[in-house]
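What you see below is based on every heavy atom in this structure, not just the backbone, and it leaves out hydrogens, waters and symmetry mates. Chain letters run A, B, ... following the sequence lines, proteins first and then strands; every chain starts at 1.
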Number of protein chains: 2
Amino acid sequence: MTRLCTDNSIEMCRDEIVAGYRQWRERTGNNPHCPVRDVLDRMGDKWTTLIVITLAERPHRFSEIHRAVPDISRRMLTQTLRHLERDGMVLRQVFPTMPPSVEYRLTHLGESLLRPLAELIAWADGNHERIMAARVAYDAGSG
Amino acid sequence: MTRLCTDNSIEMCRDEIVAGYRQWRERTGNNPHCPVRDVLDRMGDKWTTLIVITLAERPHRFSEIHRAVPDISRRMLTQTLRHLERDGMVLRQVFPTMPPSVEYRLTHLGESLLRPLAELIAWADGNHERIMAARVAYDAGSG
DNA sequence: CTCCAATAGTCTAAAATGGATACTAGGTTT
DNA sequence: AAACCTAGTATCCATTTTAGACTATTGGAG
């Protein structure tokens, strides 16, 4: 599937998504292991986006990332970075100094994610107030 | 923040993301409660995207969604739909028939998400092979 | 010389989250 | 009368995430 959705009308986007999803279901017989889900699951795991955004600015060392994203545990930071490295999004470079120094940077593949990510962030930012208003209305109605 | 990233060069996207993130950190003093994260956390919760895609095609009843997304539990389906409803992305309409019938459909806000979502899906689809290759290489090296 | 800090993690136990299964209500089918 | 349909709840158990202590190594403070 190539990017058809360049004129950005919602109808085009819907058709693209629906057609792509239907095609895939027909190819694979409703197999739960969808390649898109496989990728998007990672996007959504709470820390990945934040780390990618942090590394978008410049390469960071382990502790630098930890300072930039203060509420992540070191364990999850390690895990998320390993996932990103495994997926070819992040390059891990060890400098054999003492104390040890490890630098993480986005690969070209990782940088290519910034484009769709910027769209999504812009959407989230642009619709945040609407969403908050909807939440208030919902909680008032059924709270 | 408005969408500056219309020419879609990676440099523009990076600058947009980095500038937006830095601005927000300066405004809020590194508060962990980021509005963008607040929205993106939902996107990533494994079922939301799939349900939005399903509803993109047409309104669905509860059991129809369950058939379209077979490996979700009814509990998680209910929960995810409630979240989407609360955020103003989905409209829930009850028909007082017997047995009961409940229809879920995307709101205008929900449909507006399809545009950035299509971008992300296109990226995932277009880079899936690269990611799989990176995983194989990684597992071969450190397995 | 000893103590402390910093690095990049790992390990373990507790807390939060998610999933499987059984259950609800009311009417329809067998 | 028994089983089944709908759209969910309730409950318990498994997985995931977190918090916090712990590792090795070396430079600097006292």
Side-chain angles (χ1 to χ4, degrees), chain A residues 32-34 37-38 40-51 54-55 58-87 90-105 138 141-143, chain B residues 30-34 37-38 40-51 54-55 58-87 90-105 138 141-143:
Chain A
H33 180 75
C34 166
R37 258 169 90 179
D38 187 45
L40 292 189
D41 276 1
R42 285 289 152 75
M43 291 304 308
D45 72 355
K46 186 172 184 182
W47 302 114
T48 297
T49 324
L50 217 49
I51 291 175
T54 301
L55 294 180
R58 58 175 173 77
H60 278 67
R61 297 176 58 179
F62 184 90
S63 294
E64 277 185 309
I65 305 174
H66 197 220
R67 278 188 288 272
V69 187
D71 53 340
I72 189 175
S73 65
R74 283 190 294 274
R75 189 183 190 280
M76 287 313 291
L77 179 54
T78 304
Q79 201 177 99
T80 308
L81 285 169
R82 290 290 184 281
H83 281 319
L84 284 168
E85 193 194 352
R86 189 168 103 102
D87 287 359
V90 155
L91 191 72
R92 176 174 181 268
Q93 198 175 358
V94 182
F95 299 99
T97 58
M98 192 59 64
S101 172
V102 180
E103 191 180 82
Y104 294 90
R105 63 172 68 230
Y138 181 92
S142 52
Chain B
N30 229 3
N31 178 341
H33 181 74
C34 165
R37 258 170 91 180
D38 187 45
L40 292 188
D41 275 1
R42 285 289 151 75
M43 291 303 308
D45 72 355
K46 186 171 184 182
W47 302 114
T48 298
T49 324
L50 218 47
I51 291 176
T54 301
L55 294 181
R58 58 174 173 79
H60 278 66
R61 296 177 57 181
F62 185 88
S63 295
E64 277 184 310
I65 306 173
H66 197 220
R67 277 188 289 272
V69 187
D71 53 339
I72 189 175
S73 66
R74 284 189 294 274
R75 184 186 189 275
M76 289 313 291
L77 179 53
T78 303
Q79 202 176 99
T80 308
L81 286 169
R82 290 289 183 280
H83 281 319
L84 284 169
E85 193 194 351
R86 189 167 103 101
D87 286 358
V90 155
L91 191 72
R92 177 173 179 270
Q93 199 174 358
V94 182
F95 298 98
T97 58
M98 194 57 66
S101 173
V102 180
E103 192 180 82
Y104 293 91
R105 64 173 66 231
Y138 182 92
S142 52

Output the rounded distance in Å from CG (B:Asp71) to P (C:dG19). 9 Å
Given atom CH2 of B:Trp47 and atom P of C:dG18, what is their separation to the nearest angstrom? 11 Å
Below 4.0 Å from chain A heavy atoms, what is the first contacting nucleotide of DNA chain D and what is the last? D:dT17 to D:dT26
C1' atoms of D:dC4 and D:dG8, separation to the nearest Å: 16 Å
Rounded distance (Å) that lies between atom C1' of C:dT7 and atom CD1 of A:Ile65: 14 Å
May I have the distance from A:Glu103 (atom CD) to C:dT7 (atom P), rounded to whole angstrom? 15 Å
So B:Thr80 and B:Leu50, do their side chains get closer than 4.5 Å, heavy atoms only? no
4.5 Å side-chain heavy-atom contact, A:Phe62 and A:Leu81: yes
Interatomic distance, A:His60 NE2 vs C:dT7 P [rounded to whole Å]: 14 Å
Hey, are the side chains of B:Arg105 and B:Leu55 touching, using non-hydrogen atoms and a 4.5 Å cut-off? no
With the side chain counted from C-beta on, respond yes when A:Asp45 and A:Asp41 share a heavy-atom pair under 4.5 Å apart, and no when they do not. no
Please give the distance between the P atoms of D:dT6 and C:dG19 as a whole number of Å. 22 Å
Non-hydrogen side-chain atoms of B:Arg61 and B:Ser63 separated by less than 4.5 Å: no
Contact class for A:Arg61 (heavy atom, under 4.0 Å): base, sugar-phosphate, or nothing? sugar-phosphate
Measure from NE2 on B:His83 to C1' on C:dT17 and round the result to the nearest Å. 11 Å
Please state whether the phosphate of C:dG19, meaning OP1 or OP2, lies under 4.0 angstrom from any side-chain nitrogen or oxygen of B:Lys46. yes
For B:Met98 and C:dG27, give me the distance from atom CE to atom P, rounded to whole Å. 6 Å
With sugar-phosphate meaning primed atoms plus P, OP1 and OP2, does B:Phe95 contact a base, only sugar-phosphate, or nothing at under 4.0 Å between heavy atoms? nothing
On DNA chain D, does the nearest nucleotide to A:Pro100 precede the nearest nucleotide to B:Thr78 from the 5' side, or the other way round? Give the residue. B:Thr78
Could you tell me whether the side chain of A:Arg82 reaches within less than 4.5 Å of the side chain of B:Tyr138, counting heavy atoms only? yes
Nearest nucleotide by nearest heavy atom, which residue falls closer to the 5' end of DNA chain D, B:Arg75 or B:Glu64? B:Glu64
Using atom NE2 of A:His66 as one end and atom P of C:dA6 as the other, report the distance to the nearest whole Å. 14 Å
With side chains defined as the heavy atoms from C-beta onward, is the minimum distance between A:Thr48 and A:His83 less than 4.5 Å? no
